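What follows is one structure encoded as structure tokens, with my remarks underneath.
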There are 2 protein chains.
Amino acid sequence: MSGVRAAPRGRIDKRQAILDAAFTVFARQGYANACVQEIAAEAGVAKPTVYNHLDNKETLFREAMAAAATTATARNLAAVDLLRAPGDDLRAAFEEVARQLLRCSADERSRALWRLLNAELTSFPDLLDVVWGEGASRVTEALADRIARLALAGRLRVADPSRAAEQLSGLLMGPIDSRSRLGTRTVSAAEIDELAVAAVDTFLAAFGPR
Amino acid sequence: MSGVRAAPRGRIDKRQAILDAAFTVFARQGYANACVQEIAAEAGVAKPTVYNHLDNKETLFREAMAAAATTATARNLAAVDLLRAPGDDLRAAFEEVARQLLRCSADERSRALWRLLNAELTSFPDLLDVVWGEGASRVTEALADRIARLALAGRLRVADPSRAAEQLSGLLMGPIDSRSRLGTRTVSAAEIDELAVAAVDTFLAAFGPR
DNA sequence: ATGAAGTTGAACTTATCAGTTCAGTGTGGC
DNA sequence: GCCACACTGAACTGATAAGTTCAACTTCAT
């Protein structure tokens, strides 16, 4: 039995593998339809090992969601940060941010995160704080910060930065799930670009400099 | 018992009671967690009666979703129809439409419909056509029609009415689920009004007459 | 080497539900 | 008054999956 060694890597990073696998399976089947057996298989691990790392299916779900939310938020914040140094061409800067935010939203795992949050909100009310509170709402706030600075510098005409930020993300997110048919269709890079340009165009028509 | 029983005592309207109850329970618990027994109880009916009217849990779900989508769509279309006779004050007309659309979106059953659609999309791909295709997308198209007519009459400066319609609904829907925290908090009439005004303000700043 | 800790597969317990069956009941049509 | 038919309640079957147990195996630290 000593021969067949190759895959099963080392030690405690199995926990991460389990959480990744869990999110994948939950995303594919939803919470109730996913079974722990299958998650274990996806992670290349035995079922008792899963229970060795995480108490039960519920905490497995919560932890997997939290992990996914953390990475998604990081990507979004990085995109917004581009507005710290907008350069001369304000429109180009906003368009680039818009493109990146749309790419994040169109991403497979992001859509799954969003779907699962909506789906299980009644069963797991606490997910709202983890995914929304420390996720999406922070992104909007960061965007509001950037907009406020630009307004102060006289480069935007904005009275309420938070509202402007909310509206910009509405302009971006609304059309995207119309185009992706709620994530069942992949949106081409060309379409993303087009949506980004259109959203920024409207945004600047309303809030841009004279 | 010939007494004037205006109560549920009917023949075939039990089917309607069952579908209503089904949607209520699905909305409360999600598809997988809802059990047919409980739906029967909610409808004031015995379990075999449910199976007498609908083949199985899946079709029960589909029919309940379709019924809910139909009523939601009707309300939305009625709101959009206000733009057929906008009167002199274009801004006021748009604000009224916006208020009504937001009220629809904030509605309990509408939010549940949306949540369930997202949640079960992978298990019931055909719901996309029923709920989205014949629902939300028709509303946006109707809005695009109204906008096109207004553009033709020189009251809006819009090149692509479909895009403008998508963006207007983005401006409305984005902020609303931020405020309602995905439907877990009730949004006051005052807040709805405020959001409607803000969205229309931005919309007209971008597309309104010179 | 040796022992502790983590891992494995398989079998097992327990619970929940979808869907069915059936014998009995109320009602409306004629 | 009688029949057909929808409805009822309760009990049953079969499937699926959460969570546990256990004895055997691997890996590493010392």
Side-chain angles (χ1 to χ4, degrees), chain A residues 1-65 119-120 122-124, chain B residues 1-26 28-65 116 119-120 122-124:
Chain A
M1 324 332 181
S2 55
V4 204
R5 296 294 359 252
R9 280 289 306 149
R11 335 198 37 66
I12 297 289
D13 49 6
K14 289 212 161 147
R15 185 192 167 94
Q16 198 50 54
I18 291 170
L19 289 179
D20 274 8
F23 186 80
T24 304
V25 175
F26 284 135
R28 196 164 52 219
Q29 328 220 286
Y31 177 75
N33 275 345
C35 69
V36 177
Q37 187 71 256
E38 191 176 346
I39 292 172
E42 177 88 20
V45 137
K47 187 160 69 140
T49 303
V50 173
Y51 285 101
N52 198 14
H53 284 275
L54 296 141
D55 283 351
N56 50 43
K57 197 183 176 186
E58 289 190 14
T59 56
L60 183 53
F61 184 61
R62 266 186 257 266
E63 301 274 334
M65 289 288 280
E120 307 301 335
T122 47
S123 316
F124 298 84
Chain B
M1 299 335 184
S2 55
V4 196
R5 308 293 301 142
R9 282 286 179 249
R11 220 58 186 143
I12 294 291
D13 48 3
K14 287 213 163 149
R15 185 193 168 93
Q16 199 52 53
I18 291 170
L19 289 180
D20 274 8
F23 187 80
T24 303
V25 175
F26 285 134
R28 196 162 54 220
Q29 327 221 287
Y31 177 75
N33 276 346
C35 68
V36 177
Q37 187 72 257
E38 191 175 347
I39 292 172
E42 177 88 22
V45 135
K47 187 157 73 136
T49 304
V50 173
Y51 284 101
N52 198 14
H53 284 276
L54 297 139
D55 283 351
N56 50 44
K57 197 183 175 186
E58 289 190 15
T59 56
L60 183 52
F61 183 60
R62 265 186 258 265
E63 301 274 336
M65 289 289 279
L116 286 169
E120 306 302 334
T122 48
S123 316
F124 297 84

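Naming convention: chains lettered A, B, ... in sequence-line order (proteins, then strands); numbering from 1 in each chain. No experiment lies behind these values; they were computed from the predicted model shown.
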For the pair made of [atom1] in [X] and [atom2] in [N], what is the distance, rounded to whole Å?
X: A/E38; N: D/dA17; atom1: CD; atom2: P; result: 9 Å
X: A/K14; N: D/dC28; atom1: NZ; atom2: C1'; result: 14 Å
X: A/N52; N: C/dG9; atom1: CG; atom2: C1'; result: 15 Å
X: B/D55; N: C/dT20; atom1: CG; atom2: C1'; result: 14 Å
X: A/Q37; N: C/dT8; atom1: CD; atom2: P; result: 12 Å

Reckon [X] has a side-chain N or O less than 4.0 Å from the OP1 or OP2 of [N]?
X: B/H53; N: D/dA6; answer: no
X: A/T49; N: C/dT8; answer: yes
X: B/N56; N: C/dA18; answer: no

Show the nearest heavy-atom pair for residues B/A21 and B/E42, with the distance to one decimal. CB-CG, 3.5 Å

Among D/dC7, C/dG19, C/dT8, which nucleotide sits nearest the side chain of B/K57? C/dG19

Nucleotide of D/dA6, D/dT20, C/dT20 approaching B/Y51 most closely (side-chain heavy atoms): C/dT20

Between A/L60 and A/L19, is a side chain to side chain contact (heavy atoms under 4.5 Å, CB included) present by the stated rule, with each step listed? CA-CA 7 Å; A/L60 183 53; A/L19 289 179; 4.3 Å; yes

Side chains of A/N52 and A/T49: is there a donor and an acceptor less than 3.5 Å apart? no

For nucleotides 10-15 of chain D, print each protein N/O atom paired with a nucleotide N/O atom at under 3.5 Å, atom names and distance only.
none

Please say which of A/D20, A/L54, A/V50 ends up in a side chain to side chain contact (heavy atoms under 4.5 Å, CB included) with A/R15. A/L54

Residues from residues 22-36 of chain A sitting under 4.0 Å of DNA chain D, heavy atoms only? A/A34, A/C35, A/V36

